[in-house]
2 protein chains.
Amino acid sequence: MQTLLIEGCDLLTVENGNVRFLPHQDILIEGTYIKAIGPTGSLSVPKEATRLSAQGLLAIPGLINTHAHVPMVLFRGLAEDVTIESWFNDYIFPLESNLTPEDVYWGALLGLAEMIEAGITYVADHYFFMDEVAQAVSEAGLRANLVWAVFGHEGEQKLARTVEFVKRWQGTAEGRITTWLGPHAPYTTTPDFLRLCAHYARDLDVGIHIHVSETAAQVAHSHQLYGMSPVRVLLESGVLEVPTLLAHCLYPEEEDYKILADHPTGIAHAPKTYLKLGMGTAPVSRFRSVGIPVGLATDGAVSNNTLDILEQMRLLALTQKDAAHDSTVMPIAEVLAMAFLDGARVVRQDGVLGALKPGFLADIALLRQDRLAMFPRYNPVANLIYSASAQDVDTVICNGQVLMQNRRLLTLDRERIKEEVQRRLERLNQRVPGRRIATYPV
Amino acid sequence: MQTLLIEGCDLLTVENGNVRFLPHQDILIEGTYIKAIGPTGSLSVPKEATRLSAQGLLAIPGLINTHAHVPMVLFRGLAEDVTIESWFNDYIFPLESNLTPEDVYWGALLGLAEMIEAGITYVADHYFFMDEVAQAVSEAGLRANLVWAVFGHEGEQKLARTVEFVKRWQGTAEGRITTWLGPHAPYTTTPDFLRLCAHYARDLDVGIHIHVSETAAQVAHSHQLYGMSPVRVLLESGVLEVPTLLAHCLYPEEEDYKILADHPTGIAHAPKTYLKLGMGTAPVSRFRSVGIPVGLATDGAVSNNTLDILEQMRLLALTQKDAAHDSTVMPIAEVLAMAFLDGARVVRQDGVLGALKPGFLADIALLRQDRLAMFPRYNPVANLIYSASAQDVDTVICNGQVLMQNRRLLTLDRERIKEEVQRRLERLNQRVPGRRIATYPV
């Protein structure tokens with residue numbers, strides 16, 4: 001079994017809501033797990049261990065991206081300053097009709113590389129041509145929960161094919177890949193279709209990852225069609241009986257809190273997307289107060305522009321303080337608890353991910369702390385949240401394997417990926433009248 | 001006269017609200033001014049010109065920070081998650097009572113270095129011990145408008161000393177330093193004190209830089225004391241007869257728009273501070289619609305944590321879209337116009353700063369565009385606003401002098417500054433009961 005010693009780092013942990021910043025620590029990794037952590041020089045280390053000097057670096061749990069459409073990096077910058085309806089109908093859905101499986105593969109590699117460079121070691125991805133995304137994840141070395149997005153109009157046969165995808169990839173890539181089902185949203189499916197999804201998910205013993213209640217208009221639309229909120233549609237169709245990852249959920253109704261709290265749910269929260277599309281702010285504190293975990297997410301790069309969880313941490317703090325008109329809301333410890341522990345809960349990996357401690361999987365990001373914007377270091381945790389950027393990430397480890405060291409990607413060929421993507425761009429950015437993968441109805 | 005040729009860069013200009021992105025340009029600098037701009041290889045260049053290869057870099061006007069308290073980087077991270085009243089009374093004012101002139105000098109150098117690394121070439125700074133700040137600006141090589149902050153309780157003698165500061169430093173450092181007067185705010189002075197400031201400013205032919213209407217409570221307080229808004233206090237005390245830079249102004253009253261539009265005013269807007277302190281959002285579009293220029297600002301690092309105008313550009317777009325619940329508000333072209341041209345108008349440098357064109361001062365930031373988060377490059381301007389970070393700034397030129405090249409500071413000794421600051425930290429972070437420089441009254 002491979003042994004790796006990370007030497008001399010600072011280390012950040014959150015336990016019971018308390019942040020602990022421990023200077024000068026060693027982390028011993030055996031195989032894919034953290035074996036021991038202690039003050040520098042204090043651990044008993046096998047002679048054959050590989051040593052990785054981390055003097056001055058800050059070790060945090062590998063960041064968890066609870067909702068993304070990774071290959072959409074292919075369209076970064078193509079839909080700026082437009083309404084959400086136009087964003088879907090004039091840009092995203094027509095552009096996505098251009099995609100081939102091979103495009104998605106290279107787009108996935110590009111997005112995964114960006115995420116590794118930003119310290120992300122886990123992504124819950126919701127897209128299509130997911131065999132290619134799974135292949136890319138397998139090569140990139142990070143961890144992912146993958147779902148093949150399916151719209152109601154694509155029919156039951158298509159849904160059945162996404163079930164085959166679940167079976168094909170479940171537990172592959174040394175266990176780094178898990179697979180769930182991914183009906184797109186209540187507003188792009190029907191209750192019967194969702195019922196069938198829930199049936200399949202129970203049979204497969206997997207969860208469901210779905211967009212829900214993103215706008216007030218969607219909620220009103222649901223009431224018109226079904227006489228109930230989108231969350232209740234999920235309840236009544238049986239979806240919430242399986243683990244359910246709800247993307248966004250900005251507009252829960254009063255009864256939705258209890259419904260979600262009574263079921264195995266978690267919410268993916270992507271504040272940069274909400275700001276940029278003028279969608280409003282999710283009631284994060286209320287969700288948390290009733291026990292619904294909320295993790296951080298980047299969404300796709302066409303709304304968010306970057307795949308950067310550190311930026312989402314900063315924007316989580318800033319937007320929640322702003323919405324409450326109260327600077328004491330969402331303090332540093334809560335931001336960390338959400339990013340680390342709740343992120344792990346949302347993707348059902350609590351107990352193995354989201355903290356640096358013995359027995360947890362060895363998913364670790366190491367950040368430089370020497371920039372002027374992070375000096376003085378009275379409060380290195382405030383520096384992490386309010387000053388650090390993705391470019392401060394120096395080294396990234398996932399499942400015990402070093403994916404990036406000293407900002408050099410070890411599993412992926414950065415320039416090759418850029419070249420392959422570049423070749424495809426001219427074809428990909430065409431919007432052919434009438435061609436689109438779906439219609440946004442609200 | 002020194003001649004510098006920047007070769008092969010991309011170049012961003014905004015004219016009449018239109019953004020132009022010009023690839024493969026050369027910029028010829030003669031002395032302190034831009035002499036000519038044209039496609040690579042097209043300019044007639046003197047043999048003795050120094051050549052600076054900028055292949056792949058994006059040239060933008062040196063960024064303008066319209067309101068800061070630069071030396072407050074010394075206290076970065078010391079006042080997190082507290083109310084605005086506590087922020088002033090329990091943290092900032094007590095901490096500032098520890099400062100010596102020499103502390104301010106080293107703090108200024110630290111903050112100026114951070115700003116150069118972030119592409120900022122102009123700062124309007126509002127602090128005290130300003131001789132030391134001026135000395136630091138002189139050495140650092142960037143451009144600054146400096147005011148010595150004065151509270152009403154410090155009295156007329158102290159105000160007279162800030163007048164001496166204005167005279168001492170006006171036009172120094174090869175013309176890079178201008179000086180104005182800096183009464184702290186209407187809520188920390190009196191109308192009579194402000195009247196005296198206005199009198200001095202007229203005599204000196206300089207402007208006034210002042211905080212105003214930061215919170216709704218301050219406006220209510222002003223009505224209680226004086227029966228009018230803080231903006232009207234400025235009007236009636238004669239302040240607005242001279243060029244006035246208003247920091248923040250989040251809570252203008254209806255009549256304030258006309259008052260400000262009818263006078264030589266400009267507003268400094270620092271969205272990260274407003275989010276973090278839960279202060280609300282300024283009516284930026286309304287100000288602009290009546291012709292009041294609004295520039296971007298970092299405020300001090302104890303509220304903002306970083307001195308980063310690129311981040312403020314991004315947050316300007318995001319917060320204005322959010323406040324309007326409309327993703328089409330504050331489009332990319334408007335963000336650039338505010339950061340570049342309006343920033344220059346706010347500090348009264350329009351016509352010489354805020355654009356890259358012949359006859360303008362040679363203040364230029366050159367940014368790398370090769371990060372994965374800035375790829376593909378369908379829309380390099382969207383990448384600049386939504387993906388770029390201060391760390392993408394590669395080279396900075398101010399007044400024709402290269403201040404940073406390939407991320408190496410040429411005028412300042414980064415490590416020396418950190419060491420000198422580090423030596424002072426333990427003394428600086430003490431809060432002695434009863435010791436403070438002022439009291440926040442509202």
Side-chain angles (χ1 to χ4, degrees), chain A residues 73-78 80-84 87 110 113-114 117-118 272 274-281 301 304-308 315 317-319 321-322 324-332 371-373 375-380 382-383 386-387 389-392 414 418 421-422 425 429, chain B residues 73-78 80-84 87 110 113-114 117-118 272 274-281 301 304-308 315 317-319 321-322 324-332 371-373 375-380 382-383 386-387 389-392 414 418 421-422 425 429:
Chain A
V73 290
L74 293 170
F75 303 125
R76 185 182 346 247
L78 277 185
E80 299 296 330
D81 301 321
V82 298
T83 65
I84 194 167
W87 188 87
L110 177 62
E114 180 182 348
E117 289 190 353
K272 190 175 177 189
Y274 311 151
L275 290 167
K276 189 157 180 247
L277 295 180
M279 291 164 69
T281 308
N304 205 299
N305 294 60
T306 52
L307 303 179
D308 180 348
L315 290 175
L318 294 176
T319 53
K321 289 172 188 295
D322 176 56
H325 287 277
D326 182 346
S327 51
T328 67
V329 160
M330 195 55 70
I332 286 170
R371 257 199 309 140
L372 296 182
F375 182 80
R377 292 185 56 212
Y378 290 122
N379 190 337
N383 287 345
Y386 291 113
S387 296
S389 85
Q391 282 145 290
D392 294 312
R414 202 176 181 283
K418 284 177 88 166
V421 168
Q422 186 66 42
L425 294 184
N429 71 16
Chain B
V73 289
L74 293 170
F75 302 124
R76 185 183 346 247
L78 276 184
E80 299 295 331
D81 301 321
V82 299
T83 65
I84 193 166
W87 187 87
L110 177 61
E114 179 183 348
E117 289 190 352
K272 190 175 177 187
Y274 311 151
L275 290 167
K276 189 156 180 248
L277 295 180
M279 291 164 69
T281 308
N304 204 299
N305 294 60
T306 52
L307 304 179
D308 180 348
L315 290 175
L318 294 176
T319 52
K321 289 172 188 293
D322 177 55
H325 287 276
D326 182 347
S327 51
T328 67
V329 160
M330 196 53 71
I332 286 170
R371 256 200 309 139
L372 296 182
F375 182 81
R377 292 186 57 213
Y378 289 123
N379 190 339
N383 288 344
Y386 292 112
S387 296
S389 87
Q391 283 146 288
D392 294 311
R414 200 176 182 283
K418 284 176 86 165
V421 168
Q422 186 67 40
L425 294 184
N429 71 16

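Within every chain, numbering begins at 1; the chains are lettered A, B, ... in the order of the sequence lines, protein sequences first and strands thereafter. Scope of the values below: all heavy atoms of this structure, side chains included, with no hydrogens, waters or symmetry mates.
Looking only at distances, a side-chain donor or acceptor of A/S327 sits under 3.5 Å from a matching main-chain atom of B/V82. B/N429 places no side-chain N or O within 3.5 Å of a backbone atom of B/L78 that could act as its donor or acceptor partner.
Only the backbone of B/D326 comes within contact range of chain A, with heavy atoms under 4.5 Å apart. Contacts between A/E80 and chain B at a heavy-atom distance below 4.5 Å involve the side chain alone, from C-beta outward. In this structure, chain B has a heavy atom under 4.5 Å from the side chain of A/L315, while its backbone stays farther away. Both the backbone and the side chain of A/A113 come within contact range of chain B, each with at least one heavy atom under 4.5 Å from a heavy atom of that chain. Of the atoms belonging to B/Q391, heavy atoms from both backbone and side chain fall under 4.5 Å from chain A. The contact between A/D392 and chain B is made by backbone and side chain atoms together, counting heavy-atom distances below 4.5 Å. Heavy atoms of B/A373 lying under 4.5 Å from chain A belong to its backbone as well as its side chain.
Looking only at heavy-atom pairs under 4.5 Å with chain A, the residue among B/K272, B/M279, B/R377, B/R371 that has the most is B/R371. Interface summary for chain A: among B/M330, B/K321, B/E117, the most heavy-atom pairs under 4.5 angstrom belong to B/K321. In terms of heavy-atom pairs under 4.5 angstrom with chain A, the leader among B/V329, B/N379, B/D322 is B/D322. Considering only heavy-atom pairs separated by less than 4.5 Å from chain A, the leading option among B/R414, B/Q422, B/K276, B/H325 is B/K276.
To the nearest 0.5 Å, the span separating CG on B/N383 from CZ on B/F375 amounts to 10.5 Å.
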